[in-house]
Protein chains: 2
Amino acid sequence: MSDSVVLDPVDLEILRLLQNDARTTYRDLATAVGIAPSTCLDRVGRLRRSGVILGHELRLDPARLGRSLEALLSVQVRPHRRELIGPFVERVRALPESRALFHLTGPDDYLVHVAVTGTADLQRLVLDEFTSRREVARVETRLIFQQWVCGPLLPPT
Amino acid sequence: MSDSVVLDPVDLEILRLLQNDARTTYRDLATAVGIAPSTCLDRVGRLRRSGVILGHELRLDPARLGRSLEALLSVQVRPHRRELIGPFVERVRALPESRALFHLTGPDDYLVHVAVTGTADLQRLVLDEFTSRREVARVETRLIFQQWVCGPLLPPT
DNA sequence: TGTGAAAATTTCAAATG
DNA sequence: CATTTGAAATTTTCACA
């Protein structure tokens with residue numbers, strides 16, 4: 001289920017191109033990698049079915065949607081048992097402010113990436129959705145000054 | 001440049017649908033929100049030009065690409081001056097292992113999300129690309145057990 | 001994997017309210 | 001002036017070589 005997949009140079013080149021713009025047409029893709037459009041269709045379909053391609057996503061600007069403040073919350077959940085962390089994860093995932101959630105090693109069990117309208121909204125979020133919870137032992141808030149999405153996630157050619 | 005944009009309910013519904021699948025056709029989008037496909041084209045174009053839509057991205061599974069270990073590195077850059085942090089940011093962004101980079105408030109200046117092939121690769125990355133640097137005062141590594149991408153980033157309806 | 005043709009979609013100019 | 005119509009251009013998709 002989580003096995004690495006065999007990818008030939010053509011597959012890699014296709015992924016590289018699609019990472020720059022997921023809307024690149026099969027026709028353009030085909031001419032770029034030197035195969036027929038139908039073969040491209042085939043390959044991309046295979047990459048999707050094999051799980052290498054998880055999905056086509058729209059990247060939105062939170063600031064333009066009124067969420068101009070982003071932050072990372074480090075959260076300790078105690079006791080750290082399945083009965084408690086399952087519901088905790090689900091609640092956090094369901095929050096409209098949540099962008100991403102990580103379960104980590106180390107003293108802080110979870111890291112939550114949130115986007116809010118401002119500091120008041122952030123305070124409300126921390127107090128009402130985190131520290132007020134019995135299982136949340138500690139929350140540490142760090143604001144995000146700036147963030148960068150890094151280049152194509154691809155194995156070296 | 002970073003102003004919030006006026007979005008009517010139709011725009012929001014379009015964004016909501018495209019967040020679930022960025023490849024939804026204008027035709028399907030149109031029937032779903034109750035307008036003509038050409039108007040959809042127009043609206044999506046406007047959303048792109050206004051900066052709400054930053055791009056169409058492919059989401060890949062790092063594990064299937066041979067990067068089955070992910071981690072977060074907290075990094076202190078000292079002294080924290082522009083002459084040093086500029087090049088630091090650029091170097092980190094250029095690493096093939098980097099997935100995302102955050103500049104944060106708090107004692108740890110940067111958080112780097114990396115995807116590597118295994119612990120040996122992670123050790124090499126930390127030692128050769130971070131702690132060996134004069135400006136890097138401290139690196140704290142936390143492994144990612146599990147991560148979740150959270151639901152559509154959208155203002156409440 | 002490629003070819004070629006059919007189906008579907010995108011795109012645009014002109015028309016509409 | 002945003003929206004729709006309708007038709008042309010392009011792209012996707014599929015059967016078959």
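Owing to the predicted nature of the structure, the values given are computational and were not obtained by experimental measurement. In what follows, chains carry the letters A, B, and so on, assigned in the order in which the sequence lines appear, proteins first and then strands, with residues in each chain numbered from 1.
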At 4.0 Å (heavy atoms only), tell me whether A:Thr25 reaches a base, stays on the sugar-phosphate, or touches nothing.
sugar-phosphate
With sugar-phosphate meaning primed atoms plus P, OP1 and OP2, does B:Arg23 contact a base, only sugar-phosphate, or nothing at under 4.0 Å between heavy atoms?
nothing
Using whole Å, what does the distance between atom C1' of nucleotide C:dT3 and atom CD1 of A:Ile35 come to?
14 Å
I'd like to check the side-chain contact (heavy atoms from CB on, under 4.5 Å) partners of B:Arg23; sequence neighbours left out, ordered by chain and number.
A:Tyr26, A:Arg48, A:His56, B:Asp21
Distance check needed: C:dC12 C1' versus B:Asp42 CG, whole Å only.
10 Å
Rounded to the nearest Å, what distance is computed from the CZ atom of residue B:Arg27 to the P atom of nucleotide D:dG6?
16 Å
Taking only side-chain N and O atoms of B:Arg46, does any of them lie within less than 4.0 angstrom of OP1 or OP2 on D:dA2?
no
Nearest-Å distance, CZ (B:Arg48) to P (C:dT10)?
13 Å
B:Leu29 CG to D:dT4 P: how many Å, rounded?
13 Å
Which whole-number value in Å describes the distance from A:Arg43 CZ to D:dT13 P?
17 Å
Between the side chains of B:Glu70 and B:His113, does any donor sit under 3.5 Å from an acceptor?
yes
Should the side chain of A:Ser38 and the base of C:dT3 be counted as holding a donor-acceptor pair, with the cut-off at 3.5 Å?
yes
More than 12 heavy atoms of other residues, nucleotides or ligands under 6.0 Å from CD of A:Gln146: yes or no?
yes
Name the closest nucleotide to the B:Tyr26 side chain, picking from C:dT9, D:dT4, C:dT11.
C:dT11
Show your working on side-chain hydrogen bond (donor to acceptor under 3.5 Å, both in side chains) between B:Arg64 and A:Ser50 and close with a plain yes or no.
CA-CA 9 Å; B:Arg64 308 255 177 176; A:Ser50 69; 5.9 Å; no
Which whole-number value in Å describes the distance from A:Leu41 CG to D:dC14 C1'?
9 Å
